[in-house]
Amino acid sequence: MKLVMLGPPGAGKGTQARRLQDSRNLVQLSTGDMLRKAVAEATEYGIKAAAAMKAGELVSDEIVIATISERLDQPDLANGFILDGFPRNLEQAEALDAMLEAKGLVLDAVIDIAVVDDVLVDRVSGRYTCAKCGKGYHDTMEKPATDGVCDKCGSTEFKRRADDNAETVRNRLEVYHAETAPLQDYYRSKGKLKSVDGMADIDDVTRQIEEELDAA
Ligand code: ADP
Ligand code: ADP
Ligand code: ZN
């Protein structure tokens with residue numbers, strides 16, 4: 001399956017993509033993770049992307065499209081993938097269509113996770129991940145069973161993103177509404193859009209997505 005996860009920052013795209021990765025043997029492709037790695041390694045793209053990420057603005061289409069295009073050629077994606085955080089504007093969506101067509105691939109569905117703005121700042125400000133395995137947590141909404149110990153791998157080290165502060169999140173939300181939300185109409189008109197209620201609890205959202213995919 002070839003899927004896109006759409007939704008504002010904090011909607012649960014990464015959380016749900018990681019679950020689908022395990023349940024359907026797909027590969028999660030997060031442009032945010034790829035860009036953070038490039039920044040940490042101070043590659044040419046990373047150096048160019050850092051300021052926009054810190055401010056909660058979009059990184060240039062050129063960098064993001066080149067990053068995804070190279071990644072889509074890797075052999076580990078044969079069983080399918082979940083794009084998480086890409087595309088984020090119309091130019092990227094059109095570039096993705098062209099890339100997939102050139103590779104003879106077709107998108108199965110675009111999962112749109114709907115969450116109201118009010119709760120997103122809380123979700124993002126309370127978010128952290130296991131430093132070792134990447135499992136996501138939240139200060140109040142998704143805590144490990146034992147305080148300070150990762151459920152999945154037992155690590156006691158966790159990390160928070162520098163851009164997950166209230167001020168930057170508000171800017172990222174504005175960018176989402178201006179640039180990314182129009183993709184709902186774009187994919188609806190192509191018959192690909194599957195909307196789920198992202199206000200429900202995490203397991204319930206997973207069930208909604210699995211139902212949509214079984215019907216797709
Ligand atoms: P995104 O990838 O869309 O930015 P995440 O998957 O990282 O969002 O989720 C943001 C935060 O909200 C995480 O801390 C996660 O544990 C929590 N979260 C995700 N889905 C839900 C949900 N349905 N209800 C409550 N909290 C959630
Ligand atoms: P979230 O889902 O919480 O908004 P991401 O990890 O997807 O966070 O993205 C973090 C930052 O990385 C964005 O604010 C933006 O600066 C950059 N970024 C990620 N994906 C893209 C993209 N497709 N186009 C442009 N910038 C991107
Ligand atoms: Zn872990």
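Both ligands and their constituent atoms are indexed starting at 1 by order of listing.
- Taking CG of Asp61 as the start and CG of Asn89 as the end, the distance is 4.5 Å to the nearest 0.5 Å.
- Proximity of Gly198 to ligand 1 is established by a heavy-atom distance of less than 4.0 Å.
- Protein heavy atom nearest atom 19 (C) of ligand 1, with residue, atom name and distance: Thr15 OG1, 3.6 Å.
- Counting heavy atoms closer than 4.0 Å to ligand 1, residue His138 contributes atoms from both its backbone and its side chain.
- Between Tyr128 and Tyr137, the ring-plane angle classifies as parallel under the 30° and 60° cut-offs.
- Looking at atom 11 (C) of ligand 1, its nearest protein heavy atom turns out to be Arg123 O, 3.5 Å.
- Closest approach of Pro87 to Leu6, counting heavy atoms only: O-CD1, 4.2 Å.
- Residue-to-ligand polar distances place Thr31 within reach of ligand 2: an N/O pair is separated by less than 3.5 Å.
- Residue Tyr137 touches ligand 1 through its backbone alone, judged by heavy-atom distances below 4.0 Å.
- A side-chain donor-acceptor contact under 3.5 Å links Tyr186 and Asp97.
- Looking only at heavy atoms of the protein, atom 25 (C) of ligand 1 is closest to Met141 SD, 3.6 Å.
- Contact atoms of ligand 2 toward Val64: 22 (C), 23 (N), 24 (N), 25 (C) (distance under 4.0 Å to a heavy atom of the residue).
- Considering only non-hydrogen atoms, atom 21 (C) of ligand 1 lies nearest to Ile202 out of Ile113, Ile202, Val124.
- Proximity annotation for atom 2 (O) of ligand 1: of Gly32, Gly14, Gly10, Gly14 comes nearest, heavy atoms only.
- In terms of N/O distances under 3.5 Å, ligand 2 is not approached by Asp164.
- Remark: ligand 2 atoms within the under-4.0 Å shell around heavy atoms of Arg36 are 6 (O), 10 (C).
- Using modelled atom types, one finds a donor on one side chain and an acceptor on the other under 3.5 Å when comparing Gln208 with Asp204.
- Distances shorter than 4.0 angstrom do not occur between any heavy atom of Gly136 and any atom of ligand 1.
- Summary of contacts: the protein heavy atom closest to atom 8 (O) of ligand 2 is Arg161 NH2, 3.1 Å.
- Contact annotation: for Pro8 versus ligand 1, heavy atoms closer than 4.0 Å belong to the backbone alone.
- For ligand 2, the atoms closer than 4.0 angstrom to any heavy atom of Glu57 are 15 (C), 16 (O).
- Within 6.0 Å of CG on Asp214 lie more than 12 heavy atoms contributed by other residues, nucleotides or ligands.
- Of the protein's non-hydrogen atoms, Ala200 O, 2.9 Å is the one closest to atom 23 (N) of ligand 1.
- For atom 7 (O) of ligand 1, the closest non-hydrogen atom of the protein is Arg127 NH1, 2.7 Å.
- Heavy-atom proximity to Lys13, at under 4.0 Å, picks out these atoms of ligand 2: 2 (O).
- Summary of contacts: the protein heavy atom closest to atom 16 (O) of ligand 1 is Glu142 OE1, 2.7 Å.
- The side chain of Leu35, and not its backbone, has at least one atom closer than 4.0 Å to an atom of ligand 2 (non-hydrogen atoms only; side chain from C-beta on).
- The angle Cys133:SG - the Zn ion (ligand 3) - Cys150:SG amounts to 110°, with values rounded to 10 degrees.
- Protein heavy atom closest to atom 12 (O) of ligand 2, with residue, atom name and distance, is Met53 CE, 3.4 Å.
- By the 3.5 Å distance cut-off applied to N or O atoms, Tyr128 is not counted among the residues near ligand 1.
- At a heavy-atom cutoff of 4.0 Å, ligand 2 is contacted by no atom of Met34, backbone or side chain.
- At a 3.5 angstrom cut-off on N or O pairs, Pro9 does not count as close to ligand 2.
- Considering backbone and side-chain N/O atoms, Val59 comes within less than 3.5 Å of an N/O atom of ligand 2.
- With atom 3 (O) of ligand 2 as the reference point, the heavy atom nearest to it among Lys54, Met5, Arg172 is part of Arg172.
- Ranking protein heavy atoms by distance to atom 9 (O) of ligand 2, first place goes to Arg88 NH2, 3.4 Å.
- In the vicinity of Ala11, heavy-atom distances shorter than 4.0 Å reach the ligand 1 atoms 3 (O), 8 (O).
- Remark: ligand 2 and Gln92 share an N or O pair separated by less than 3.5 Å (distance only, no angle test).
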